[in-house]
Amino acid sequence: MSNMERSENRHRETDDILARKPGTEAVTDLADRYRVVGAADRGTYANWLTPLEEHYVCHRNETLDPAAEDWTVELGGAVERDADLEMAAIREEYPTVAVAHTMECAGNGRGYFEPETGSVQWEYGAVSTAFWTGTPLRSILADHGAATDDDMWLTAVGGDRPEVDGENDRFARSIPMGKVLEDCILAYEVNGEPLPPEHGHPVRLLVPGWYGVNSVKWVTELRVTETMVHGEEWTDRDGEDYTQWQQSSYRIHPEGVDPESNATVSTFDTWDQLESAGIDHPYTFDQNVKSTIGAPEDGATVSSEDGPIAVVGVAWAGDDAVTSVEVSTDGGEDWAEAERFGPDYDCAWRLFRYDWEPAPGSYTLVSRATDERGRRQPVRIAGPTEDADDAYPWNEGGYAENACLPHAVAVTVE
Ligand SMILES: Nc1nc2c(c(=O)[nH]1)N[C@H]1C(S)=C(S)[C@@H](COP(=O)(O)O)O[C@H]1N2
Ligand SMILES: [Mo]
């Protein structure tokens with residue numbers, strides 16, 4: 001198949017998804033080769049739970065829709081007993097848990113980069129919060145005598161394959177064992193419903209609080225390994241390359257850099273990697289601290305006649321806790337603390353609210369979150385060659401953006 005045919009397929013598929021998800025809109029890359037869907041309205045971010053109708057969808061290859069009865073997950077590598085796990089066994093032979101997880105594409109906010117980067121031009125719509133139901137990987141690994149020391153990795157492979165002639169990459173991600181044991185699940189339901197095909201039916205990996213790319217859909221293989229996907233064993237595994245989505249794509253680096261493949265890294269927190277001299281070109285693992293205003297909508301006209309205007313939104317920090325959210329109504333000059341409220345789960349966002357009593361006029365509202373390690377959203381995105389401490393680094397893939405000003409909303413008060 002050609003790139004043109006792939007583009008046509010993506011259009012057909014996303015049209016079908018859009019029809020079932022009325023709260024989403026299509027987002028494409030600059031070449032219109034990939035097409036995905038994200039939340040269409042800011043209003044999504046004035047609610048804690050994202051209904052599936054508004055939950056973003058992002059993947060590269062053709063959506064799979066296999067029958068659950070025919071699907072198995074091959075478990076191998078450093079385990080005492082290899083297995084082909086059937087869906088019935090995954091569901092019934094282990095404890096069932098539900099996890100609240102804020103899924104955010106590492107490319108969320110990429111559309112704000114100047115100059116623009118390639119790939120899907122997301123603005124704010126690629127972040128959603130849902131309850132995912134499934135089986136703790138910890139239970140499955142223990143049952144098969146897996147080597148689960150802290151320096152081990154679990155590699156998950158998706159069943160999807162590129163459609164375009166000459167492309168041979170497999171969608172695989174390696175997750176450090178400590179995180180796997182802590183809270184990762186094999187999920188088969190979302191918001192109480194069976195997984196829809198586009199979210200990974202019949203089973204996906206769910207890595208709570210980490211960038212969406214880690215949560216491999218349509219999981220077909222799990223392998224316990226001493227390293228991430230790295231080296232010839234993984235670059236040419238029966239003629240297919242399993243390393244691209246871990247070692248090349250989804251890493252944060254300046255223009256023109258081809259990041260070196262690593263066997264392992266010692267720090268998983270994305271922000272720590274950005275600040276660490278020990279790691280070149282961070283991997284997008286856990287999410288950077290970030291927030292978005294959900295109400296009022298950008299461009300709204302509001303009235304303060306009947307009392308204060310509620311500025312409501314969401315703030316998240318991956319697997320770290322949000323400890324402060326501030327709101328500015330003058331484009332980031334002055335800040336006031338907002339109130340955090342609602343559900344408080346480890347790897348899901350918090351709602352915030354700021355009661356605002358403005359005089360009539362035009363305003364720019366911005367929110368800014370801080371996490372438990374004291375890391376606060378930077379104000380803006382740096383230019384490609386700028387070395388700025390106070391700005392988020394421009395990077396070639398447009399990943400992990402968390403500056404607050406690009407997410408501002410303009411509001412008129414009558
Ligand atoms: N097998 C497979 N899993 C995948 C992907 C993919 O292309 N193939 N895309 C990833 C990316 S980049 C994101 S952001 C999340 C999105 O999950 P969602 O579509 O359920 O929101 O899925 C991840 N899992
Ligand atoms: Mo993504």
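In this text the structure is predicted, and so the values were computed from the model without any measurement. Atoms within a ligand are numbered from 1 in the order they appear, just like the ligands themselves.
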K.L.:
Return the set of residues passing side chain to side chain donor-acceptor pair (under 3.5 Å) with S215 (not counting sequence neighbours), or none when no residue passes.
P.N.:
none
K.L.:
CD of E337: more than 12 outside heavy atoms within 6.0 angstrom?
P.N.:
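Enclosed: over 12 neighbouring heavy atoms sit under 6.0 Å from CD of E337.
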K.L.:
Mind checking whether W48 and F131 have ring centres under 6.0 Å apart?
P.N.:
yes
K.L.:
Are W335 and Y354, when compared by the centres of their aromatic rings, separated by less than 6.0 Å?
P.N.:
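Not under 6.0 Å, so no.
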K.L.:
Taking only residues two or more places apart in sequence, or in another chain, which ones meet T264 in a side chain to side chain donor-acceptor pair (under 3.5 Å)?
P.N.:
W153
K.L.:
Residues in side chain to side chain donor-acceptor pair (under 3.5 Å) with E93, at least two apart?
P.N.:
none
K.L.:
With the criterion set at N/O pairs under 3.5 Å, what does the list of contacts between the protein and ligand 1 look like, atom names and distances included?
P.N.:
unit_1, atom_1, unit_2, atom_2, d
ligand 1, 1 (N), D160, OD1, 2.8
ligand 1, 1 (N), D160, OD2, 3.4
ligand 1, 1 (N), K217, O, 3.0
ligand 1, 3 (N), K217, N, 2.8
ligand 1, 7 (O), R60, N, 3.2
ligand 1, 8 (N), D160, OD2, 2.9
ligand 1, 9 (N), C58, O, 3.1
ligand 1, 17 (O), R204, NH2, 3.1
ligand 1, 19 (O), C58, N, 3.0
ligand 1, 19 (O), K217, NZ, 2.5
ligand 1, 20 (O), H199, ND1, 2.7
ligand 1, 20 (O), R204, NH1, 2.7
ligand 1, 21 (O), Y56, O, 2.9
ligand 1, 22 (O), R204, NH2, 3.4
ligand 1, 24 (N), S215, O, 3.0

